Amino acid sequence: MTENYNPAEVESRWQSRWAESGLYRQEVEAGRPKHYALTMLPYPSGDLHIGHWYAMAPSDARARFKRMNGCNVLFPMGFDAFGLPAENAAIERSIHPAKWTYANIEKMRTQLASMGAMFDWRREAVSADPSYYRWSQWFFKKLLELGLAYRKQAAVDFCPHCNTTLAREQVWGDDRHCERCLTPVIKKELEQWFFRTTTYAEELLDFSDIDWPERVKIMQTNWIGRSTGADVVFHTEAGDPIAIFTTRPDTLWGATFMVLAPEHPLVEKITTAGQRETVEAYRQAAERLDEIARETADREKTGVFTGAYAINPVNSELIPIWIADYVLMSYGSGAIMAVPAHDERDFEFATKFDLPIVEVIRAPGRTDEDGPLTEAYVSKAEGHMVNSGRFDGTPTDGAVERVTEWLEAQGSGKAAVNYRLRDWLISRQRYWGAPIPIIYCPDHGPVPVPDADLPVMLPEDVEFVPTGESPLRFHDGFLHTTCPICDQPSLRETDTMDTFMCSSWYQYRYLSPEFDSAPFDPDEGVYWLPVDQYTGGIEHATMHLIYTRFFTKAMREMGLVDFSEPMLALYNQGMVLGEDGDKMSKSKGNVVAPDSLVRKYGADTVRAYLMFFAKWDQGGPWNYDGIKGPQRLLYDVWDLGHHPYQAGAVAATVDRALRRKTHQVIRKVTEDLENFSFNTAVAAIMELRNQLMGAQRSGQVSEAVWNEAVDAMLLLLAPITPHIAEELWQVRGKPYSIHQQPWPQWDAAVAKEETVTLVVQINGKVRDRIEVTAGLDDETLKAMALESEKVRNWLGSEEPRKVIVVRGKLVNIVA
RNA sequence: GGGGCGGUGGCGAAACGGCAGACGCAGCGGACUUAAAAUCCGCCGGGGUAACCCCCGUGUGGGUUCGAAUCCCACCCGCCCUACCA
């Protein structure tokens, strides 16, 4: 009689033993192959969500698999600890953000420990620790030195009632109101710090050195949004130059008006007296919306005439200058030439305001008799130029290049590239973040805080009165300092850094979180870097995953690393949905809590179910009944591990069958874990379990084959369900620890089937199945198929026209 | 509007262009039990048939192929991301 499986007891016992014996200590071992497995670090919200488990448990299984396959694996964990929720908690519940955050981290560490993952906690990094943000500040300074950080005016959303700057997610609804008091939000211009991500726009488009999912590469490519075309300079009647960017210089002759962004600096100057009032009113209305609202598609075009005219440089025609909010100041030069005949937006605008539409690209097959265009013709490939002077008749394909060349020769334009990617605004008017290490001196302007004075510490005694500015501004001890150059009274920068900044380099801090003479210990770096396998959610495709690539490229300029990409491979898991198939949310009441699952089933069962229930990159709805499958698996494994096997009358074929199955499953699980196909790996182990249980009942297998199968099953389970595997390994008298054992190897000859089912088709329909010896040649298979009684009945007297043989598998007779 | 991901039994899902539905959940029948739970054995896409078997079947319609869930084209539906980028 074996004792019953008690996951709670087994799991806590082994977790203690692992910690005591330092089983998951991860150290540099020169000469041994390394594998840096990284999973995205959590925000310390205070409660570990099933989504965290879904991200981390399979990542842990993969890291353990790599370890058993001979790699020295680094698998660290930490916390992205700065951010808005802590500050909100402070305002709402009068808890200091630091207290709230560190209490949450404490709780989440315990929750994480229950997962039984192989994290090396000695390498834990917390972005809110001064020892961490000291280096975030140091990086800010380095970026400034390299010209990759700069300061300029930029707008923030501001609630006049709460008197506070709002984050994007705090602005709600189409009318853009404050989430708390419903007051309409206004824009406020502030001096803010930016990182010049656009410097690397071109390089960021190159993914040739990294193995990342296609969809992430596509999303980043679209996000960076490279467009080629030409910069062309128009002039107003008064002679003021207006630069524009166009992807279609070949349509210049069709430019019948210009549109400036409402905030374009020239608007003030060119607007005529008669139009001033209208223009002013429009500009003020536009200011209330921000780009997000303005860019809402399908919105009807709006705009007003400035009263001014420009000269089209290619044909000297006078064209009116309008302002409209569909032109964005932040892209290109904030001004466009409008070619209504060949741009959908311009067509809509021209139609609404009755502006001329001049066709300059003739679509194939179209003639003058077809009348005016009813929609913009936008093809870049087909058609030819008309109404374009010397270029009449030029085929559209290649016209952009020819016109650009000519513009360059004329001196009225030049080839240009534009990107949608914007520089990264990192200033936050918040308390709970890393202070930007800058001092403003009346004489020397912004001066970086000397390295010796880093970190610029966040003061603890801060009032959380909502104001438009960082609470740091009202902390006299923080605010007032002296200039590092001339020592005269100066003020500190009171904004803090975007938390994405802190999480852009955390993979480097993990290497040596205590190291205090550089962001990371170069001895660790040279061994572990770069990250071999990154895992995490797809939602970070365009923000975090671009920022961290940017950071690594900048670190290359700093001489800190000698590579350009932070993560060589990336895999994105899907999402666990509620049982109803919807996203989990407290309001829907469909949230699955891992802690209670662990209490009820044990961590191993939860881990196995999370890996089993869906393809990992797909995710899907949680199901409380479904977890019974993996639960039964582990109960069965428990019994198999304890069962003192007694061979009875050994039957050679049954014995052989179990041995074959064992090796087939080793092969399958090995391939599946390598490819993140956790669900089919667990399914394969279930098949081995099924066969073992049959063997147990019958007693028809030899003890050697039985032992080989049980040991293999435990080794294959070790990455997936580490506690029960360790327990049973010990029960079976094997040396500690199972996690240090070499991965089982399969023997292809043993895994090979002696017989195969030959499928016989007639015209693609299965008509017979014949068990045949494996490895017969094509001619033999063909002959066997044709001799089949069923085939003869189906064919009758007909002669087959053709016979296709698929090696060792299938014969298709074409009649 | 653009981009991405997906649509396979009652459900979650498997399936190098080659036996559709591995594995699991639920269900049904049986065994054990006073009974239930647990466990064990069997069945489990739809239709036809006494049965052997046959026909149909991977969102819809076409195409390529000896052969298509898989490749190509068009469309429908769902989810996610993005949003007038000149």
Side-chain angles (χ1 to χ4, degrees), chain A residues 213-216 218-219 221-223 225-227 229 244-248 251 255 258-259 261 291-299 301 324-328 330-339 342-346 348-349 418-422 538-539 541-542 572 574-575 577 581-583 609 612-615 617-633 635-636 668 677 679-687 689-690 693 697 756-769 790 800-807 809-815:
Chain A
E214 208 54 39
R215 60 176 163 162
V216 173
I218 289 168
M219 282 168 85
T221 302
N222 292 341
W223 186 262
R226 182 182 202 272
S227 298
I244 61 117
F245 170 74
T246 178
T247 53
R248 295 299 301 274
T251 65
M258 294 188 79
V259 186
E291 285 194 4
I292 311 300
R294 274 166 57 175
E295 287 168 5
T296 311
D298 322 329
R299 209 173 129 249
K301 297 274 176 294
D325 65 10
Y326 79 92
V327 174
L328 310 173
S330 52
Y331 183 78
S333 61
I336 62 159
M337 65 168 192
V339 183
H342 307 292
D343 182 282
E344 285 170 21
R345 295 152 301 178
D346 298 345
E348 196 194 323
F349 195 82
N418 251 292
Y419 301 92
R420 285 180 38 158
L421 185 71
R422 310 287 151 86
I538 186 76
E539 67 275 14
T542 50
N572 301 111
M575 211 191 307
L577 304 172
D582 289 332
K583 231 176 181 171
Y609 180 60
F612 176 69
F613 87 99
K615 198 166 149 57
D617 61 354
Q618 213 57 54
W622 177 265
N623 184 290
Y624 284 100
D625 280 330
I627 198 172
K628 287 180 191 167
Q631 186 184 27
R632 284 175 193 145
L633 170 69
Y635 273 89
D636 291 342
K668 176 77 177 145
S677 187
N679 56 336
T680 49
V682 175
I685 294 170
M686 284 174 171
E687 288 188 44
R689 174 265 318 254
N690 292 345
M693 290 180 75
R697 278 191 296 275
V756 292
T757 307
L758 179 69
V759 174
V760 184
Q761 297 182 332
I762 296 175
N763 293 331
K765 282 190 185 294
V766 180
R767 294 306 181 192
D768 200 6
R769 297 182 176 93
K790 284 177 186 162
R801 283 193 294 155
K802 196 174 166 187
V803 179
I804 285 142
V805 182
V806 180
R807 178 114 257 170
K809 254 190 200 169
L810 177 141
V811 175
N812 189 15
I813 299 162
V814 187

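Worth knowing before you read on, the calculation uses all heavy atoms, side chains too, and leaves out hydrogens, waters and symmetry mates. Just so you know, these numbers come straight off a predicted model, no measurement behind them. Below, chain A is the first sequence line, B the second, and so on; all start at residue 1.
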Looking at A22(B), I'd like to know if its phosphate oxygens (OP1 or OP2) sit under 4.0 Å from a side-chain N or O belonging to Lys668(A). no
Taking the C1' atom of each, how far is G57(B) from G7(B), in whole Å? 15 Å
If we take the C1' atom in both U70(B) and A15(B), what is their distance in whole Å? 9 Å
Could you give the distance separating A69(B) and A22(B) at their C1' atoms, to the nearest angstrom? 15 Å
Base contacts versus sugar-phosphate-only contacts with protein, heavy atoms under 4.0 Å: please encode nucleotides 44-57 of chain B as B, S and - from 5' to 3'. ----------SSS-
Any Asn222(A) side-chain nitrogen or oxygen under 4.0 Å from OP1 or OP2 of G2(B): no
Using a cut-off of less than 4.0 Å, is there contact between a side-chain N or O of Ser227(A) and OP1 or OP2 of A86(B)? yes
Under 3.5 Å, is there any donor-acceptor pair linking the side chain of Arg769(A) to the base of C19(B)? yes
With a 4.0 Å limit, can you tell me whether Asn690(A) has a side-chain N or O closer than that to the phosphate oxygens OP1/OP2 of G24(B)? yes
Quick one: is A86(B) close enough that its OP1 or OP2 comes under 4.0 Å of any side-chain N or O from Arg420(A)? no
How is Glu214(A) classified with respect to the nucleic acid when contacts are heavy atoms under 4.0 Å: base, sugar-phosphate, or nothing? nothing
Atom CD1 in Ile685(A), atom NZ in Lys668(A): separation rounded to 0.5 Å? 11.5 Å
Quick one: classify the glycosidic conformation of G9(B) as syn or anti, with syn meaning within 90° of 0. syn
OP1 or OP2 of G24(B) versus the side-chain N and O atoms of Arg689(A): is any pair under 4.0 Å? yes
Output yes when at least one side-chain N/O atom of Arg632(A) is less than 4.0 Å from OP1 or OP2 of A38(B), else no. no
Return one dot-bracket line describing RNA chain B 5' to 3' (Watson-Crick or G-U wobble pairs, both distances under 3.5 Å; ( ) same strand, [ ] crossing, | another strand, . none). (((((((..(((.....[....))).(((((.......))))).((((....))))..(((((..]....))))))))))))....
Looking only at the side chain of Lys628(A) (C-beta and beyond, no hydrogens), which of the listed nucleotides A26(B), A15(B), A86(B) gets closest? A26(B)
Write down the distance separating the C1' atoms in G29(B) and C81(B), rounded off to the nearest Å. 49 Å
Would you classify Thr247(A) as touching base, sugar-phosphate or nothing, given that sugar-phosphate means primed atoms plus P, OP1 and OP2, and contacts are heavy atoms under 4.0 Å? sugar-phosphate
Please measure how far the P atom in G27(B) lies from the corresponding atom in G4(B), and state the result in whole Å. 42 Å
Geometric class of the Phe245(A)/Tyr331(A) ring pair [parallel <30°, tilted 30-60°, perpendicular >60°]: perpendicular
Report yes if a side-chain nitrogen or oxygen of Arg345(A) is closer than 4.0 Å to either non-bridging phosphate oxygen (OP1 or OP2) of G1(B); otherwise report no. no
In B/S/- notation, 5' to 3', how is nucleotides 62-70 of chain B contacted by protein heavy atoms closer than 4.0 Å? ----BS---
